[in-house]
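Predicted model, so just to flag it, every value in this text is computed and none were measured. Just so you know, ligand 1 is whichever comes first in the structure, and atom 1 is the first atom listed for that ligand. Starting from 1, each residue takes its place in the sequence as its number.
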Amino acid sequence: MSFSRRSFFSKSFLGLVGTSFFSSTWCPKTEGQKVVSNKTVRPIVISTWTNHEANNAAWNIISANGTAIDAVEAGARVPELDAADRSVGYGGRPDREGYVTLDACIMDENGDAGGVCFLQGIKHPVSVARLVMEKTPHVLLAGQGALQFALENGFKQENLLTNISKKEWEDWKKTAQYHPVINIEQHDTIGILAMDKAGNLSGACTTSGLAYKMHGRVGDSPIIGAGLYVDNEIGAATATGMGEAVLKSLGSFLVVELMRQGLSPNEACKEAVMRIVKKQAYKNIQIGYIAINKQGEFGSFALQPGFQFVTNQNRVSKERLSKSYL
Ligand code: ASP
């Protein structure tokens with residue numbers, strides 16, 4: 001079927017959402033990229049949407065003196081295995097040909113990164129992404145090559161298309177209309193960021209991408225700088241929402257660079273959203289960023305109402321509508 005860019009977007013609410021952050025007294029003392037003092041480090045886990053179980057899985061690792069990289073991987077694995085989560089891993093909605101294709105990436109405090117995209121049949125793409133980071137000279141493996149790498153490293157190939165996803169896809173095919181519904185059907189991607197007790201930052205992002213996307217479509221989530229970015233000197237950011245808009249603005253990298261210039265996580269997320277508002281068609285899409293900085297402050301900003309995130313304190317963001325930019 002032909003693909004219309006206009007039909008890519010759906011009508012929804014207008015407006016911008018901001019969320020609050022707390023300040024801390026942490027004073028960074030760094031040597032290269034390593035934190036040498038953890039006296040006032042404020043460890044934190046923050047993740048997109050409201051997956052408390054994922055956030056708790058990550059926080060359990062941090063609170064037991066584990067590392068941020070282990071924490072974000074553990075957190076991301078929770079929705080990957082959850083058939084009820086229809087936007088990530090097993091149970092994710094398929095593309096328009098009926099294939100569940102997965103995108104994921106991970107980045108650590110050393111600036112090392114790994115990702116997989118267009119991966120099929122593997123329940124834990126985030127763990128494959130971590131192995132790409134740790135075992136290969138590359139950052140991103142795609143499709144068949146990513147699958148081969150996963151199988152060589154002991155992952156099992158399984159059918160990820162659940163009965164309910166298959167049934168819905170068969171129903172969708174009757175009209176094959178492509179109308180994503182903001183915040184509901186398409187955007188439960190988990191992006192998760194952590195600072196451990198040593199003050200080190202890591203992040204991960206994993207998704208099955210947009211439901212009924214074109215076969216072969218890859219979004220922002222596995223792309224370092226777009227769906228996720230970590231700079232252990234500055235902070236970390238991750239994105240959810242319409243990946244094309246995030247890709248075109250390298251959103252997560254932008255958020256971190258804005259924090260480098262002195263913006264708070266909230267301000268940086270807002271500025272990155274506003275970059276999309278200024279440069280792209282934005283009215284019918286959702287974009288949500290979350291970010292943390294080295295001071296343990298966190299923040300978020302979303303283009304549309306309805307975006308939420310959760311932290312290890314189980315604080316879910318409260319929506320705060322501000323003026324429409326239309
Ligand atoms: N960003 C993801 C993508 O475009 C979708 C999402 O956030 O749910 O693939």
Handout entry: Steps toward ring pair (Phe, Tyr, Trp, His ring centres under 6.0 Å) verdict (His215, Tyr99)
Key = CA-CA 8 Å; His215 189 58; Tyr99 298 100; 4.9 Å; yes
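A salt bridge between Glu170 and Lys173 is absent, with no side-chain N of the basic residue lying under 4.0 Å from a carboxylate O of the acidic one. Salt bridge annotation for Lys294-Asp231: absent, with no cationic side-chain nitrogen under 4.0 angstrom from a carboxylate oxygen. Using a cutoff of 4.0 Å between basic side-chain nitrogens and carboxylate oxygens, Glu244 and Arg217 are scored as salt-bridged.
Of the N or O atoms in Met242, none lie within a sub-3.5 Å distance of an N or O in ligand 1. Checking only distances, Gly209 never comes within under 3.5 Å of ligand 1, N or O to N or O. By the 3.5 Å distance cut-off applied to N or O atoms, Thr207 is not counted among the residues near ligand 1. Ligand 1 has no nitrogen or oxygen under 3.5 angstrom from a nitrogen or oxygen of Glu244.
The closest non-hydrogen atom to atom 5 (C) of ligand 1, taken over Asp103, Thr101, Thr189, comes from Thr189.
If you number the atoms of ligand 1 from 1 as listed, the ones under 4.0 Å from a heavy atom of Asp220 come out as 1 (N), 2 (C), 3 (C), 4 (O). Counting atoms of ligand 1 from 1 in the listed order, those under 4.0 Å from a heavy atom of Ser221 are 1 (N), 2 (C).
Under a 3.5 Å cut-off, the side chain of Ser165 and the backbone N or O of Gly91 do form a donor-acceptor pair.
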